Amino acid sequence: MPALLFYAFVLLVPSGQGAVYAFTDWDGLSRDFSFVGLANFRELLDDDAARGAVVNTVLIAFAVTLVQNAVGLLLALGVDSLIKTRNVLRILFFAPAVMTPVVTSYLWRYLYAPNGAINSTLEGLGLGALTQNWLGDPDLAIWSVIATVIWQFSGYSMVIFLAGLQGVPRELREAAAVDGAGPARRFWYVIRPLLLPALTINLMLSMINSLKMFDQVWVLTGGGPGQATETMSTLIYRNAFQFGEYAYSTAVALVLTALVAVISVVQYRAMARQERAAR
């Protein structure tokens with residue numbers, strides 16, 4: 001009961017108050033406010049920036065989730081083998097995940113700079129035609145952000161997949177190999193069904209974290225150029241702390257919460273069905 005009361009005080013009560021403020025005209029400072037019904041949500045639907053932020057948020061979430069888990073799975077399969085350097089490789093691949101997103105983002109902002117390491121390397125290799133304004137080009141900026149997130153957290157997905165692989169008896173793999181199954185067939189018919197719980201966890205975590213991602217976008221691009229990388233999280237911050245539209249930003253936050261909840265439930269049920277079918 002004490003833990004429940006503390007949890008309610010620091011999380012549930014403020015969240016409930018925030019939900020109420022979404023239906024008001026509160027400016028974040030004054031004590032007085034009026035209820036305006038669904039006006040903030042209607043404004044959100046009419047706001048081109050908000051609609052673009054929703055599209056960018058969903059794009060980032062699905063792109064990061066798919067690629068990060070694919071890379072993480074490949075890394076896990078690689079370091080689960082009997083190569084001598086597997087322990088060193090596990091540490092190297094997981095190391096970026098323990099760094100704070102802000103530090104990682106500042107590192108990649110330097111790499112993406114017009115005179116940064118990426119363009120300098122391309123020019124040094126005689127590939128100057130491939131140099132880009134990675135964070136200044138509206139068509140490339142969002143993909144640069146996505147690549148940064150994938151680089152940092154693929155190792156995190158790898159660790160979860162690796163834990164799942166430890167639960168796959170090596171005898172089953174060896175028996176399948178003796179029966180003539182190649183690596184692809186062994187993975188699909190022996191490893192994949194037993195790895196579905198780890199896949200479910202990875203997909204859920206990466207999807208939720210990507211939907212509410214803020215640090216990487218804010219440090220790398222600030223939502224720009226223009227609004228090319230604006231997400232719902234950066235839109236919430238900008239409206240609340242730069243424009244003083246706290247009620248509107250709270251309405252956007254409420255929509256983001258609902259979006260995360262809906263996508264998470266749909267994703268979990270789909271993966272649960274696959275797990276039951278695999279059994």
Side-chain angles (χ1 to χ4, degrees), residues 53-80 89-105 107-108 141-168 187 191-221 223 229-237 253 255-275 278:
V54 172
V55 173
N56 290 338
T57 299
V58 174
L59 173 61
I60 290 174
F62 278 93
V64 169
T65 299
L66 293 176
V67 180
Q68 176 184 316
N69 283 281
V71 174
L73 179 58
L74 292 175
L75 293 177
L77 292 172
V79 299
D80 188 53
L89 291 175
R90 291 175 185 179
I91 296 173
L92 291 177
F93 292 144
F94 182 67
V98 301
M99 300 172 62
T100 62
V102 172
V103 172
T104 303
S105 300
L107 169 65
W108 277 90
I142 193 168
W143 299 107
S144 299
V145 173
I146 289 171
T148 301
V149 178
I150 292 170
W151 175 85
Q152 181 171 14
F153 292 108
S154 291
Y156 185 83
S157 298
M158 176 200 72
V159 170
I160 297 176
F161 280 127
L162 193 58
L165 288 171
Q166 302 302 313
V168 180
F187 170 78
I191 298 175
R192 182 189 61 85
L194 298 177
L195 204 59
L196 284 178
L199 178 62
T200 300
I201 294 172
N202 258 330
L203 290 177
M204 291 288 293
L205 290 177
S206 55
M207 178 63 73
I208 292 173
N209 290 332
S210 300
L211 284 170
K212 60 182 186 178
M213 184 173 62
F214 171 80
D215 296 8
Q216 295 91 337
V217 176
W218 193 256
V219 172
L220 286 170
T221 65
T229 60
E230 190 85 274
T231 65
M232 297 185 73
S233 294
T234 60
L235 186 69
I236 292 167
Y237 178 86
V255 172
L256 176 59
T257 302
L259 181 65
V260 171
V262 170
I263 293 180
S264 299
V265 169
V266 172
Q267 184 183 50
Y268 175 78
R269 289 185 175 179
M271 294 304 301
R273 284 197 297 269
Q274 287 193 20
E275 288 185 34

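Just so it is clear, the model here is predicted, and its values are computed rather than measured.
Taking the side chain as every heavy atom from C-beta outward, Val58 and Leu259 approach each other to under 4.5 Å. Thr231 has its side chain out of reach of Met213: every pair of non-hydrogen atoms, C-beta onward, lies at least 4.5 Å apart. Contact check for Ile160 versus Leu205: side-chain heavy atoms found under the 4.5 Å cut-off. A heavy-atom distance below 4.5 Å is found between the side chains of Trp151 and Thr104. Within the 4.5 Å cutoff, the side chain of Val159 has no heavy atoms near those of the Arg90 side chain. No side-chain heavy atom of Val71 sits less than 4.5 Å from a side-chain heavy atom of Phe153.
Atom CD of Gln267 is separated from atom CZ of Arg269 by 13.0 Å, given to the nearest 0.5 angstrom. Within the model, atoms CG of Asn209 and OH of Tyr156 stand 7.5 Å from one another, a figure rounded to the nearest 0.5 Å. Taken to the nearest 0.5 Å, the CG atom of Asn202 stands 12.0 Å off from the CG atom of Leu196. The distance from the CG atom of Asp215 to the OG1 atom of Thr234 is 11.5 Å, given to the nearest 0.5 Å. In this structure, the separation between CG on Leu75 and CE on Met158 is 6.5 Å, given to the nearest 0.5 Å.
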Does the pair Phe161 and Leu199 meet the rule for a side chain to side chain contact (heavy atoms under 4.5 Å, CB included), with working shown? CA-CA 7 Å; Phe161 280 127; Leu199 178 62; 3.7 Å; yes

Residue pair Gln166, Asp80: steps toward the side chain to side chain contact (heavy atoms under 4.5 Å, CB included) verdict: CA-CA 8 Å; Gln166 302 302 313; Asp80 188 53; 3.1 Å; yes

Could you walk me through whether Phe187 and Leu73 pass side chain to side chain contact (heavy atoms under 4.5 Å, CB included), step by step? CA-CA 11 Å; Phe187 170 78; Leu73 179 58; 3.7 Å; yes

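Counting heavy-atom neighbours within 6.0 Å of Phe94 CZ, excluding the residue itself, gives a total above 12. The local environment of CZ in Phe214 is crowded, with over 12 non-hydrogen atoms from other residues, nucleotides or ligands closer than 6.0 Å.
Between Tyr237 and Trp218, the ring planes are perpendicular. Angles over 60° get that label, and only those under 30° would be called parallel.
When all heavy atoms of Ala63 and Ile146 are compared, the closest pair comes out as CB-CD1, 3.8 Å. Leu220 approaches Ser105 most closely through the heavy-atom pair CD2-O, 3.3 Å. Across Ser157 and Asn69, no two heavy atoms sit closer than the pair OG-OD1, 3.9 Å. Among all heavy-atom pairs drawn from Ala61 and Met207, the shortest one is CB-SD, 3.7 Å. Taking both residues in full, the closest heavy atoms of Leu211 and Thr57 are given as O-CG2, 3.3 Å, listed atom of the first, atom of the second, then distance. Annotation for Ser264 and Met204: closest pair O-SD, 3.6 Å, computed over non-hydrogen atoms.
No hydrogens or angles considered: nothing links the side chains of Thr148 and Gln216 as a donor-acceptor pair under 3.5 Å.
A side-chain contact (heavy atoms from CB on, under 4.5 Å) with Val260 is found for one member of Val262, Leu256, Thr257 and no other, namely Leu256.
No side-chain donor-acceptor contact under 3.5 Å links Gln68 to the backbone of Ile150.
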